[in-house]
There are 2 protein chains.
Amino acid sequence: MSSHNFKQEIFDQFARIGKAVSNGRRLELLELLAQGKHNVETLADMCSMSVANTSQHLQNLRQSGLVNASKIGQHVFYSLSSDRIVDLLAVLRELAEDNLNEVNRLIQQYLQVKDDLEPLPRADLVQRAEDGLVTIIDVRPGLEYDSGHIPGAINIPLSELDKHLSEFPTDQEIVAYCRGPYCVLAFDAVKTLRDKGFQARRLEDGYPEWKRSGLPVEEKMPG
Amino acid sequence: MSSHNFKQEIFDQFARIGKAVSNGRRLELLELLAQGKHNVETLADMCSMSVANTSQHLQNLRQSGLVNASKIGQHVFYSLSSDRIVDLLAVLRELAEDNLNEVNRLIQQYLQVKDDLEPLPRADLVQRAEDGLVTIIDVRPGLEYDSGHIPGAINIPLSELDKHLSEFPTDQEIVAYCRGPYCVLAFDAVKTLRDKGFQARRLEDGYPEWKRSGLPVEEKMPG
DNA sequence: CTATTATTAAACGAATTCATTGAATAACAA
DNA sequence: TTGTTATTCAATGAATTCGTTTAATAATAG
């Protein structure tokens with residue numbers, strides 16, 4: 001094999017990882033899997049895709065080695081094969097934010113609130129939590145909370161938020177987080193809380209990024 | 001715009017960055033641009049591609065915002081738009097190494113030497129350089145060396161290596177580096193040097209990773 | 001055993017990607 | 001002006017990707 005061929009072939013291999021993340025639906029799946037294991041039908045529901053199509057994308061991700069599959073009973077549970085994938089998603093996000101005007105247009109348009117809703121950096125949340133100054137709420141679905149969350153956070157899925165308003169302190173800031181910086185759950189939660197007169201802010205990004213940055217987490221035993 | 005549409009559209013935008021790095025030829029171009037500015041024809045030569053094809057890929061990268069173009073005289077010089085792209089390439093590389101057997105097969109096959117040629121970690125090189133224990137050679141083409149290199153490294157393009165053998169110390173280790181961990185220039189240099197009886201090793205990766213890690217570099221003034 | 005559920009496979013057409021070819025453009029030189 | 005060089009554009013066809021539809025498989029329940 002010539003050096004020329006080697007170079008081409010090795011870059012073609014790297015490109016296989018690129019191909020895996022070259023499709024928006026697959027990126028959605030990866031973000032969901034970053035919250036924890038999920039089976040095919042659940043993933044299909046959450047992405048509003050047909051089961052067959054979801055399965056096809058998952059096969060694709062599996063062949064790139066980005067996800068693992070394990071059969072438990074009748075279900076096939078998929079999971080990320082490596083924490084590094086959270087880094088990959090983060091870099092893609094940052095580069096898209098920096099380089100694609102379209103991204104900022106979308107954010108402005110859908111999340112108009114962005115300006116007066118400056119998100120809270122991770123490090124700041126750690127400090128305030130230590131000082132006992134905040135209530136942290138995890139607004140993801142219960143199953144995702146169960147498979148891992150920020151210590152001290154209470155789980156209130158967005159759909160349940162209305163029922164729990166009376167439990168929140170009015171003299172303390174409430175910090176909401178969800179799946180990631182562009183997941184709309186926390187945005188919506190903060191909006192609801194603010195409309196009701198609470199002091200609410202959004203964490204700068206979601207649980208996977210928190211965990212990935214080495215900060216402490218509460219997880220149920222693996223298995 | 002519904003939250004559902006927002007989610008899909010934002011992930012489609014992130015996927016544009018993925019698409020940009022979903023092709024081996026474009027990854028080659030990005031690695032070359034990580035060494036410094038280059039014009040279209042040079043890039044075409046270095047990748048063994050037609051000029052038109054190279055230009056097309058560069059347009060593609062430009063539309064994803066990963067590279068910038070600036071016309072100087074008759075030439076259009078392309079450059080990386082952000083240092084983060086070096087991180088992106090590194091993550092792709094790591095994930096490919098970890099997850100694709102094919103990558104390791106290729107390495108074994110082409111770079112059989114891998115085992116008895118354990119590469120030198122960056123931190124170790126810093127230490128040994130401080131202690132004056134090593135000679136560092138940069139085996140990239142002169143232009144790439146000129147636009148930035150490791151302090152104290154001397155530039156000996158691979159093609160010139162034979163002419164300079166007499167200049168090397170026989171009592172000191174020689175460390176060679178080039179464009180990146182899979183660039184074959186340093187591999188070949190180390191092989192040549194070892195065959196001639198020198199103590200030679202390869203740096204774990206190349207100049208872009210060195211610079212990106214925050215270690216000191218010697219660069220000519222920007223422009 | 002048959003029915004049901006969860007997932008994958010196979011086949012299809014529309015859309016996109018990719019390298020090639022040849023022509024267009026733009027800047028400069030003779 | 002004409003010619004030359006560097007780059008981009010436009011058109012082509014082969015290959016690949018993507019979502020849909022329909023069928024197959026495999027595990028469990030009745």
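To find a chain, count down the sequence lines: A is the first, B the second, and so on, and within it residues start at 1. Worth knowing before you read on, the calculation uses all heavy atoms, side chains too, and leaves out hydrogens, waters and symmetry mates.
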Inset, instruction - Measure from CG on A/Asp45 to C1' on C/dA6 and round the result to the nearest Å. - result: 13 Å
Inset, instruction - Mind checking B/Arg62 for me? I need base, sugar-phosphate or nothing, with any heavy atom below 4.0 Å counting as a touch. - result: nothing
Legend entry - Test item: side-chain donor near acceptor, A/Arg25 and A/His57, under 3.5 Å: no
Legend entry - OP1 or OP2 of C/dT8 under 4.0 Å from side-chain N/O of A/Gln59: yes
Inset, instruction - Output yes when B/Glu102 and B/Arg105 qualify as a salt bridge under the 4.0 Å nitrogen-oxygen rule, no when they do not. - result: yes
Inset, instruction - Let me know, please, whether A/Arg25 or B/Lys71 comes out on the 5' side of the other along DNA chain D by nearest nucleotide. - result: B/Lys71
Inset, instruction - Can you tell me the distance, in whole Å, between the CG atom of A/Asn60 and the P atom of C/dA10? - result: 16 Å
Legend entry - Contact nearer the 5' end of DNA chain D, comparing A/Gly73 with B/Ser55: B/Ser55
Legend entry - Interatomic distance, A/Gln74 CD vs D/dT28 P [rounded to whole Å]: 6 Å
Inset, instruction - Give a yes or no on whether the backbone of A/Glu160 and the side-chain of A/His164 come within a donor-acceptor separation of less than 3.5 Å. - result: yes
Legend entry - Whole-Å distance separating the CD atom of A/Gln56 from the P atom of D/dT17: 11 Å
Legend entry - Under 4.0 angstrom between B/Ser50 side-chain N/O and C/dA19 OP1 or OP2: no
Legend entry - Distance flag, aromatic centroids of A/Phe11 and B/Tyr182, threshold under 6.0 Å: no
Legend entry - Atom-pair distance (CG on B/Asn53; P on D/dT7), nearest Å: 15 Å
Inset, instruction - Establish, with yes or no, whether the OP1 or OP2 oxygen of C/dC18 is under 4.0 angstrom from a side-chain nitrogen or oxygen of B/Asn23. - result: yes
Legend entry - Polar side chain donor-acceptor pair, B/Asn39 to B/Thr42, under 3.5 angstrom: yes
Legend entry - Atom pair distance, as rounded to whole Å: CG in B/Leu58 and P in C/dA19: 12 Å
Inset, instruction - Determine the contact category for A/Glu41: base if any of its heavy atoms lies under 4.0 Å from a base atom, sugar-phosphate if only primed atoms, P, OP1 or OP2 are that close, otherwise nothing. - result: sugar-phosphate
Inset, instruction - Report yes if a side-chain nitrogen or oxygen of B/His57 is closer than 4.0 Å to either non-bridging phosphate oxygen (OP1 or OP2) of C/dA19; otherwise report no. - result: yes
Inset, instruction - Measure from CZ on A/Phe77 to C1' on C/dT5 and round the result to the nearest Å. - result: 14 Å
Inset, instruction - Have a look at A/Tyr78 and say if it touches a base, only the backbone sugar-phosphate, or nothing, with a 4.0 Å heavy-atom cut-off. - result: sugar-phosphate
Legend entry - B/His75 NE2 to C/dT25 C1', straight-line distance once rounded to whole Å: 16 Å
